[in-house]
Structures are given as structure tokens and as C-alpha cells.
Protein chains: 2
Amino acid sequence: MTVPSSALALQRIALEQFATAGFGGTSLGSIAQAAGLSKSSVLYHYESKEALLAAAVQPAVDALGALVAGYPGDGNPDEHDRFVERFIDYLFAHRLAVHLFMNQGRFLQHIEPVATADALLQRFAEAIADRIPGVEDRIRFGVALAGAAYSLVAAANWSSEELADTDDVRDALLRTVSSLLSSSQPAR
Amino acid sequence: MTVPSSALALQRIALEQFATAGFGGTSLGSIAQAAGLSKSSVLYHYESKEALLAAAVQPAVDALGALVAGYPGDGNPDEHDRFVERFIDYLFAHRLAVHLFMNQGRFLQHIEPVATADALLQRFAEAIADRIPGVEDRIRFGVALAGAAYSLVAAANWSSEELADTDDVRDALLRTVSSLLSSSQPAR
DNA sequence: CAGCGGACTGACCGATCGGACAGTATTGTC
DNA sequence: GACAATACTGTCCGATCGGTCAGTCCGCTG
């Protein structure tokens, strides 16, 4: 391990605060306090607030690259189903980072990993839209991505009941997203 | 008109920045600059940053109250369809405020209209879940609300093509949300 | 023209921000 | 125990934050 566990904990805490309170709304002091460190120590491990964010989202960017690369553009339905499953698992694993990309990506383009993630998401959306171009498919993709990410991150805001990481949630989300990412429903 | 048009423009600009850059990430100075005023002038119209946010989201809170009050808990399918239409129109009209409620609501509970909106959304979610309680329906509601709001607000982040306020978008969103808010699909 | 009230501003305040830096603990190695 | 290297901290800095306040500008009314 070249990265000590304390640095990983710091990244986890930082990502949590950046995703929920916003990059501008999060101070190095509050991150340090949550980690049981001083602000100086945080800046010892990461040379700046931006660098801390970059390190915190880097794993999510790498995994997103792998996910998008494995998208079966014109695969058979089975392949597609398996991809949707990987998609949901990715959201589970990196929900905070995805939430951050979607809600703050535009204002954090100057941070390299964020810009990369945005470009990947854009390529992803275009690949989806290429299958059956049209406004509705684009909308469905956006609703699925944003809705799933939000359900996993911020649902506790207005839903009294916490959505734990149970298989129930995963299954429900899988069916919901799957129906959204399949082609437009024939009936209307 | 008891409210001068300049005040309305100020609310619109402020809401735009609060929703996209976050409350903590938006300064009174940047709002003032976008409005062509000085910071002092902004604080002349609204006694604080919080008061400006409260005034900016108040119309959306009022409309949300009316929307939720009109929810036909056990109405016939036609009634339900008409409600989904009102729901989409509400999202169109108040997308920025909804986006703000969902992504920053938890940290802005001390601002009265935000707390009210959160309570309304919670009541709404519970009413939906009461029809057919279960994890999946809750997920579907969350996905529909967050996904639709996001599609209308921040899609420009990763989708190269801007989603204009066309009837196409409204129709597509209507069908997407309608399929999500109907009861769980029979087949699994 | 006097003057009055609302719109607006620049100067200023204390607090907090991100960050720089010198110095202190702590740890592992011989 | 000597001695680095690493982890960590307190202090300080300039910039910016939200907010106060005294005063200016301007259109309206008498």
C-alpha cells in the first residue's frame, strides 16, 4: 500500500462532504474536524482543496471509464441486461462521486478528474442515444441516471425511511432502470 | 404590483445561482454582479442571504402545496393521468427550486420555506407509497422526481445537446414519469 | 423649489476562507 | 540511543465572505 489508510479515510470523508454540502460549501476545516485532524494536516496530505477532491473521485472516474468501455452498443438483450446490472453496481459503489459529477460537474471542470468524468458521461449518453436516437431515449437515460443516483444518495432528505444498501433496493432499482434503458415502450 | 420587477429579477438570478452552484458556493457579490447591482443593494432588498433564498423559493413552495393537496390518492386512472400532467408542469415551472430542495434541502432546514417544501415532499412520497407500499414504489417515485428534475436542470452538464422547453421534451417526460408512477410492472 | 421617501452605493467591520511555513511528535531502522 | 523520515500542528497571511451604516442619488408631491 502506497496510500496509508488515513488518507483513504480522509478521501471518504471529503467526498461525503463535497457531495452533500457542495465543493464551495465545504471548508477544509470541517473536513479536518470530521477526520480528527487539523486543517494543516489535511493540507500536508493533499496540496490543495482541489487536489483532495481529485484524489477522492479518482477511483470513481477509473471505474466509470471501465464501465463505459464495456458498454455493448449493439449487443443482444442478455448482454444488455448484464450491463444494466454492472451499471447499478457502479452507482452503488460510487454514488457520492456520481452525485457530485452530475450536480457540480459544470463548476468543477478545472479539476481534471471531474472533467474526465463529465466527458465519459457525455460519451456514454451519446452511445445510448445512438442506439435509438430521439428525445425520449435521451430523457429516459437522464431520468435513469439522475434518479438512480439521487435515490442512493439524498433520498433521506424527504423520505423518512432510510434506504439501506439491501438487496431489495438493488433489485428494485435494477428493474426500474432496466425498464427505462430499454427502448421506448411500444404502447402509449 | 407590490413587488417591483427588479426584485423578481433578483430572485430569479439568485435562485439560478443557488440551485446550480449551491447556497454555500454562491456569494452575494456574484448575485449582485449578475443583477447589475452592488452587494449593498441586494442587502437593501433582502435583509440577509437566507431571506433572499426564502423569497426566491416561496412561489415554488406555494405551488408545491397546491400540487400535493390535489393528489388523488385513490382516484381513477384518468384522474391519476391528469395529476401526472400537473406534476410535470410543476417541475417545468419550478425546476430550479425543486432541484435545490432535493440536493440541498437537508442543509437548509433552518430556512423556513425550504423546511416546508421538504415536509411537503415527504408527505407526497408517503402518499404515493401508501397506495402500494413497498420498496420498489418508493424507488420509482424517487427516480421519477429526481430524474425529471435533473433532466430539466442540469442535463447540459453531460449532454452536448441542450434540452429546450419544447413540447417534445414535455411529452417524453410525461410518458417516462407516467410509467414510473404507475404501480409496479406486473411482470418480473 | 423644498423636501421627503425609496433605491442605491462605497467604505468599513469581524469572521472565515484556502493556503504557507516553521517547528514539534512520532515512528522505524541501524 | 542516534537519527532520519514521516505525520502532524499552531501561527500567520491575504482574500473573501455576509452584513452594517452613513450618506448620495433621484423622482414625486406639496
Side-chain angles (χ1 to χ4, degrees), chain A residues 1-58 100 104-105 107-115, chain B residues 1-58 100 104-105 107-115:
Chain A
M1 292 272 192
T2 61
V3 179
S5 64
S6 66
L8 287 178
L10 206 47
Q11 291 180 16
R12 206 198 63 238
I13 291 170
L15 181 56
E16 208 167 305
Q17 297 203 14
F18 286 148
T20 54
F23 183 76
T26 302
S27 69
L28 287 173
S30 87
I31 294 173
Q33 191 174 9
L37 292 174
S38 70
K39 189 179 64 173
S40 303
S41 290
V42 176
L43 285 168
Y44 165 76
H45 289 289
Y46 304 93
E47 68 176 358
S48 71
K49 194 181 172 185
E50 273 95 354
L52 174 53
L53 172 62
V57 301
Q58 190 62 57
L100 187 144
Q104 307 176 59
F107 298 90
L108 301 174
Q109 288 291 316
H110 56 101
I111 300 173
E112 192 268 328
V114 176
Chain B
M1 294 268 192
T2 60
V3 179
S5 63
S6 65
L8 287 178
L10 207 47
Q11 291 179 16
R12 206 198 62 238
I13 290 169
L15 182 57
E16 208 168 303
Q17 298 204 13
F18 287 149
T20 54
F23 184 75
T26 302
S27 69
L28 288 173
S30 87
I31 295 172
Q33 190 174 9
L37 292 174
S38 71
K39 190 179 65 173
S40 303
S41 290
V42 175
L43 286 167
Y44 165 77
H45 289 289
Y46 303 93
E47 65 176 359
S48 70
K49 194 181 172 185
E50 271 95 354
L52 173 53
L53 172 62
V57 300
Q58 189 62 58
L100 188 145
Q104 308 176 56
F107 298 91
L108 301 174
Q109 287 293 314
H110 56 102
I111 300 173
E112 192 268 328
V114 177

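Each chain gets a letter, A, B and so on, in the order its sequence line appears, and its residues count up from 1.
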When you measure from the side chain of [X] to the backbone of [Y], do you find a donor-acceptor pair of N or O atoms at a distance under 3.5 Å?
X     : Y     : value
B/Q17 : B/A34 : no
A/E47 : A/L43 : no
A/K49 : A/F23 : yes

Hey, does [X] reach any base, or is it just sugar-phosphate, or nothing, if we go heavy atoms under 4.0 Å?
X     : value
B/L43 : base
A/S41 : base
B/S40 : base
A/S30 : nothing

Inset, instruction - Quick one: pull up CD1 in B/I13 and OG in B/S30 and give me the separation to the nearest 0.5 Å. - result: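 Going from CD1 on B/I13 over to OG on B/S30, the span is 10.0 Å.
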Legend entry - Pairwise distance CG(A/L53) to CZ(A/F18) - rounded to 0.5 angstrom: 5.5 Å
So, OP1 or OP2 of [N]: does either fall under 4.0 Å of a side-chain N or O from [X]?
X     : N     : answer
B/Y44 : C/dA7 : yes
A/S38 : D/dC8 : no
A/H45 : D/dT6 : no

Legend entry - B/L28, nearest nucleotide to its side chain (from C/dG18, D/dG18, C/dT9):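 Shortest atom-to-atom distance from the side chain points to D/dG18.
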Atom [atom1] of [X] and atom [atom2] of [N]: how far apart are they, to the nearest Å?
X     : N      : atom1 : atom2 : value
B/E47 : D/dC21 : CD    : P     : 13 Å
A/Q17 : C/dC17 : CD    : P     : 11 Å
A/L37 : C/dA25 : CG    : P     : 17 Å
B/L53 : D/dG18 : CG    : P     : 13 Å
B/K39 : D/dC21 : NZ    : P     : 14 Å
B/F23 : D/dC17 : CZ    : C1'   : 12 Å
A/Q33 : C/dC17 : CD    : P     : 10 Å
B/Y46 : C/dA7  : OH    : C1'   : 13 Å

